[in-house]
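Everything below concerns the one structure shown next.
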Amino acid sequence: MSRISWDQYFMSQSHLLALRSTCTRLAVGATIVREKRMIAGGYNGSIAGGVHCSDEGCYVIDNHCVRTIHAEMNALLQCAKFGVPTEGAEIYVTHFPCLQCCKALIQSGIKTVYYAVDYKNHPYAVDLFKQANVKIQQVELERTEDDKQKLEFMSSLIKKLAETNMSEEEVQALYIKADRLFS
């Protein structure tokens, strides 16, 4: 049996952390790593002990939920709270960091940002990472053999449904939904 790569290992951890998210708009996870060791993790959600979006809905101002602390920020704050240095560390994030998180990552001394999914990649964030000599690299989470088999099964079911009176749009929507279940 072959072992997964370090990048897949840490990105998987970030996807696992995202499962703790209380954000109803987008679940994000982040893992900070130094010398192949996890030093902190975070997910997006409300302040400790606060009201969660998953319970009472998002508190949106100017199209942003102001109740939510981003996963990257939560991971950085965990390091600050427990006195763990981040200088020279790497971070694995399920989604490309927002502009504010980008600035916080740079200021904290993070040297490499690995992300799985492009998400509103702000051009200025990319420029700031370049200016600060912070490496950014996309590391998509690889599907497991089990996920591939499940997706193939879902595809075969959708093909059978397509033989009924479903419209092409309905069939495409099912394919997209099935793909998202395993990504």
Worksheet, complete the sentence: Scanning both residues in full, the closest heavy-atom pair of A75 with A30 reads CB-O, 4.3 Å

Fill in: Donor-acceptor contact present, side-chain R34 to main-chain E87, <3.5 Å
no

Item to complete: Look at the rings of W6 and F10 and say which category their plane angle falls in: under 30° parallel, 30 to 60° tilted, over 60° perpendicular.
Response: parallel

Practice prompt. Write down the atom of K111, the atom of G88, and the distance for their closest heavy-atom approach.
Written response: CG-CA, 3.7 Å

Worksheet item: Around E35, counting heavy atoms of other residues, nucleotides and ligands shown, do more than 12 lie under 6.0 Å from its CD?
Response: no

Discussion item. Counting neighbours of CD on E140 that are heavy atoms of other residues, nucleotides or ligands and sit closer than 6.0 Å, is the number greater than 12?
Written reply: no

Worksheet item: Crowded around R20 CZ? As in, over 12 foreign heavy atoms under 6.0 Å?
Response: no

Worksheet entry | Under 3.5 Å: donor-acceptor pair, side chain of T86, backbone of A89 | no

Discussion item. Rounded to the nearest 0.5 Å, what separates atom CD in Q8 from atom NE2 in H15?
Written reply: 8.5 Å

Worksheet, complete the sentence: For C58 and C65, the nearest pair of non-hydrogen atoms, with its separation, is CB-SG, 3.9 Å

Item to complete: Measure the CG-OG1 distance between N44 and T94 for me, rounded to the nearest 0.5 Å.
Response: 7.5 Å

Discussion item. So M38 and Y92, do their side chains get closer than 4.5 Å, heavy atoms only?
Written reply: no

Worksheet, complete the sentence: Closest heavy-atom pair, S12 versus L141, reported as atoms and distance to 0.1 Å, is OG-CD1, 3.3 Å

Fill in: Cluster check M11, I4: I/L/V/M/F/W/Y, side chain < 4.5 angstrom
yes

Fill in: Atom pair OG1/CD of T24 and E56 - distance to nearest 0.5 Å
12.0 Å

Fill in: Pairwise distance OG1(T112) to CD(Q137) - rounded to 0.5 angstrom
8.0 Å

Practice prompt. Answer with yes or no whether the side chains of T31 and S14 bring together a donor and an acceptor at under 3.5 Å.
Written response: yes

Discussion item. Run the side chain to side chain contact (heavy atoms under 4.5 Å, CB included) test on C102 and H122 for me, step by step, so that the C-alpha distance in whole Å, both residues' side-chain angles and the decisive distance to 0.1 Å come before the verdict.
Written reply: CA-CA 10 Å; C102 160; H122 198 287; over 6 Å; no

Discussion item. Would you say that T68 contacts R25 through its side chain, given a criterion of any heavy-atom pair below 4.5 Å between the two side chains?
Written reply: no

Fill in: Residues clustered with Y124, ILVMFWY side-chain links under 4.5 angstrom
L26, V28, I32, I39, L76, F82, V84, I91, V93, F96, L99, L105, I106, I110, V113, Y115, Y119, V126, L128, F129, V134, I136

Worksheet entry | Residue pair Q13, L17: steps toward the side chain to side chain contact (heavy atoms under 4.5 Å, CB included) verdict | CA-CA 6 Å; Q13 179 67 34; L17 283 161; 4.0 Å; yes

Worksheet item: Could you give the distance from NE2 (H95) to NE2 (H70), rounded to the nearest 0.5 Å?
Response: 11.5 Å

Practice prompt. Would you mind listing every ring-ring contact (aromatic ring centres under 6.0 Å, His included) that reaches into residues 21-59, with sequence neighbours excluded?
Written response: none

Worksheet entry | C101 versus P97, closest heavy-atom pair with distance | CB-CB, 4.2 Å

